[in-house]
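Residue numbering restarts at 1 for every chain, and letters A, B, ... go by the order of the sequence lines.
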Number of protein chains: 2
Amino acid sequence: MYISARSDYALRAMLAVAAGGGGTTRPDGGTTRPDGGDGSRPDGGGELVKAASLARAQGIPLSFLQGILLDLRRAGLLHSHRGTEGGYALTRPASQISVGDVLRAVGGSLTTVRGLPAEDAGYHGVAAGLRDVWLAVDGAIAVVVDRTTLTDLLTHQEQEQAPAR
Amino acid sequence: MYISARSDYALRAMLAVAAGGGGTTRPDGGTTRPDGGDGSRPDGGGELVKAASLARAQGIPLSFLQGILLDLRRAGLLHSHRGTEGGYALTRPASQISVGDVLRAVGGSLTTVRGLPAEDAGYHGVAAGLRDVWLAVDGAIAVVVDRTTLTDLLTHQEQEQAPAR
DNA sequence: CACTCTTCCTACCAACTAAATAGGAATACT
DNA sequence: AGTATTCCTATTTAGTTGGTAGGAAGAGTG
């Protein structure tokens with residue numbers, strides 16, 4: 001029900017990495033390329049993007065973003081390289097990374113009730129049925145976010161199929 | 001993605017009101033009826049339940065619960081009566097009150113991105129497609145919570161139909 | 001080997017919201 | 001009048017989130 005800034009930033013960063021280093025259309029008209037050299041860009045999938053470039057392109061505080069990128073790397077979604085020509089890159093093609101993958105990487109469980117995962121809520125008496133509702137909600141969310149990949153988002157082809165009412 | 005304590009308490013209180021004044025099974029074995037007199041109980045739907053009874057039955061702090069009950073009353077889901085034999089009652093049959101009704105009464109919008117409703121997120125560049133994802137998530141949640149009524153929960157007949165993957 | 005760049009990691013602070021408490025005003029029944 | 005109860009507001013407390021700062025470790029370059 002609530003998407004945190006951390007999850008939001010993580011998705012935007014992943015999209016920017018997948019797109020190859022920054023958005024092309026930025027509202028205030030600045031250039032999104034901080035360093036002059038355009039660098040080698042073998043269009044195949046693995047070019048490295050610097051954290052500073054991502055932060056600038058999507059308007060995310062750099063030091064906050066670094067912690068998020070770290071989570072994404074630990075979850076196995078990003079590969080990083082240090083040094084002068086360092087940066088981040090996807091470990092898999094963008095078509096094989098879903099929104100749910102990113103959300104779970106930074107947020108843990110998808111649906112939480114007062115901070116706890118939905119499955120261990122502990123209801124008494126008449127409220128016992130609530131647990132199943134939360135699990136159903138969790139399942140419904142999972143269907144949407146696991147079906148949508150980064151490629152879908154970049155090509156604007158995400159079809160928002162809400163289940164028939 | 002995150003169900004707050006306020007939403008959780010609101011649903012449990014509504015269920016207890018619908019059930020007529022408290023859970024029958026409480027873990028520590030105390031009686032759920034605070035006052036000795038059982039009072040008149042015309043089993044039709046409109047018996048009044050005291051806030052103290054609800055708080056005791058579901059383990060919710062009383063004064064915190066009162067604020068939640070106020071929201072539910074303002075939203076038109078509960079009817080209250082003051083005085084010695086006062087209490088709260090549903091304004092509609094439990095079969096006509098959905099989980100979504102209760103959630104929206106206490107929480108406002110169903111899906112929020114960093115505190116804002118999902119529809120006005122304001123994405124730039126490559127992240128533009130994210131807005132549609134959140135709207136799809138919101139729709140998927142709405143289907144589940146609007147389909148489930150309080151009666152479904154009380155009779156344990158809620159069928160958790162996750163849409164076919 | 002120095003130097004620079006960048007990721008990596010830890011600790012810390014500020015702001016906000018949720019959660020809970022306390023106390024008082026209004027209302028209804030006896 | 002008196003009592004029980006709902007109703008409403010103001011305040012406090014705790015925890016999470018959002019954001020910042022400052023290095024330490026690795027990678028390339030001269």
* Please give, in whole Å, the distance from C/dT6 C1' to A/His79 NE2? -> 14 Å

Please list, one pair per line, the donor and acceptor atoms closer than 3.5 Å that link side chains of residues 9-18 of chain A to other protein atoms, with sequence neighbours excluded.
residue: A/Tyr9; atom: OH; partner: B/Arg114; partner atom: NH2; Å: 2.9
residue: A/Arg12; atom: NE; partner: A/Gln58; partner atom: OE1; Å: 3.0
residue: A/Arg12; atom: NH1; partner: A/Asp8; partner atom: OD2; Å: 3.1
residue: A/Arg12; atom: NH2; partner: A/Gln58; partner atom: O; Å: 2.5

* Asked: Can you tell me how far P of D/dG26 sits from NZ of A/Lys50, to the nearest Å?
  -> 19 Å

* To do: Give one of base, sugar-phosphate or nothing for A/Ser4, where a contact means two heavy atoms less than 4.0 Å apart.
  => sugar-phosphate

* To do: Please identify each residue that fulfils side-chain hydrogen bond (donor to acceptor under 3.5 Å, both in side chains) with A/Ser80, with sequence neighbours left out.
  => none

* Asked: Expressed in angstrom and rounded to an integer, what is the separation of B/Leu70 atom CG from C/dA19 atom P?
  -> 17 Å

* Asked: The side chain of A/Pro61 lies closest to which of these nucleotides: D/dG19, C/dA19, C/dC9?
  -> D/dG19

* Please test A/Leu54 against A/Ile60 for side-chain contact (heavy atoms from CB on, under 4.5 Å), starting from the C-alpha separation and ending with a verdict. => CA-CA 8 Å; A/Leu54 298 173; A/Ile60 305 173; over 6 Å; no

* To do: Ignoring backbone atoms, test whether A/Arg6 places a side-chain nitrogen or oxygen under 4.0 Å from the OP1 or OP2 oxygen of D/dG18.
  => no

* To do: Would you check if B/Arg147 and B/Val99 make a side-chain contact, meaning some heavy-atom pair closer than 4.5 Å?
  => no

* Asked: Per the atom types in the model, does the base of C/dA18 pair as donor or acceptor with the side chain of A/Arg114 at under 3.5 Å?
  -> no

* Mind calculating the distance between CG (A/Asp8) and P (D/dG18) to the nearest angstrom? => 10 Å

* Round to a whole Å and report the spacing from CG of A/Leu62 to P of C/dT6. => 11 Å

* Dot-bracket notation for DNA chain D, counting Watson-Crick and G-U pairs under 3.5 Å, with | for partners on another strand -> ||||||||||||||||||||||||||||||

* Any donor-acceptor pair under 3.5 Å joining the side chain of B/Glu85 to the base of C/dC29? -> no

* Mind calculating the distance between CZ (A/Phe64) and P (C/dC9) to the nearest angstrom? => 17 Å

* Structure fact -> The nucleotide from C/dC8, C/dA19, C/dA26 with an atom nearest the side chain of B/Arg82 is C/dA26

* Asked: Want to settle it: does B/Tyr9 or B/His81 sit nearer the 5' end of DNA chain C, counting the closest nucleotide to each?
  -> B/Tyr9

* Asked: CG of A/Leu116 versus P of D/dT16: gap in Å, rounded?
  -> 11 Å

* Listed partners of B/Arg6 passing salt bridge (charged side-chain N to carboxylate O under 4.0 Å, His left out), at least two apart -> B/Asp71

* Rounded interatomic separation in angstrom, taking CG from A/Asp71 and P from C/dT10 -> 12 Å

* Kindly say if B/Tyr2 contacts the phosphate of C/dT17, meaning a side-chain N or O under 4.0 Å from OP1 or OP2. => no

* **Cluster companions of B/Tyr2 among Ile, Leu, Val, Met, Phe, Trp, Tyr (side-chain spacing under 4.5 Å)** => A/Tyr2

* Give the minimum heavy-atom separation between B/Trp134 and B/Ala118, together with the two atoms involved. => CB-CB, 4.0 Å

* Counting any heavy atom closer than 4.0 Å, what does B/Gly87 reach on the DNA or RNA strands: base, sugar-phosphate only, or nothing? -> sugar-phosphate

* To do: Go through the structure and list residues passing side-chain hydrogen bond (donor to acceptor under 3.5 Å, both in side chains) with B/Thr112, not counting sequence neighbours.
  => none

* Structure fact -> Of the listed D/dG18, C/dT7, D/dC8, the closest approach to the A/Ala51 side chain comes from C/dT7

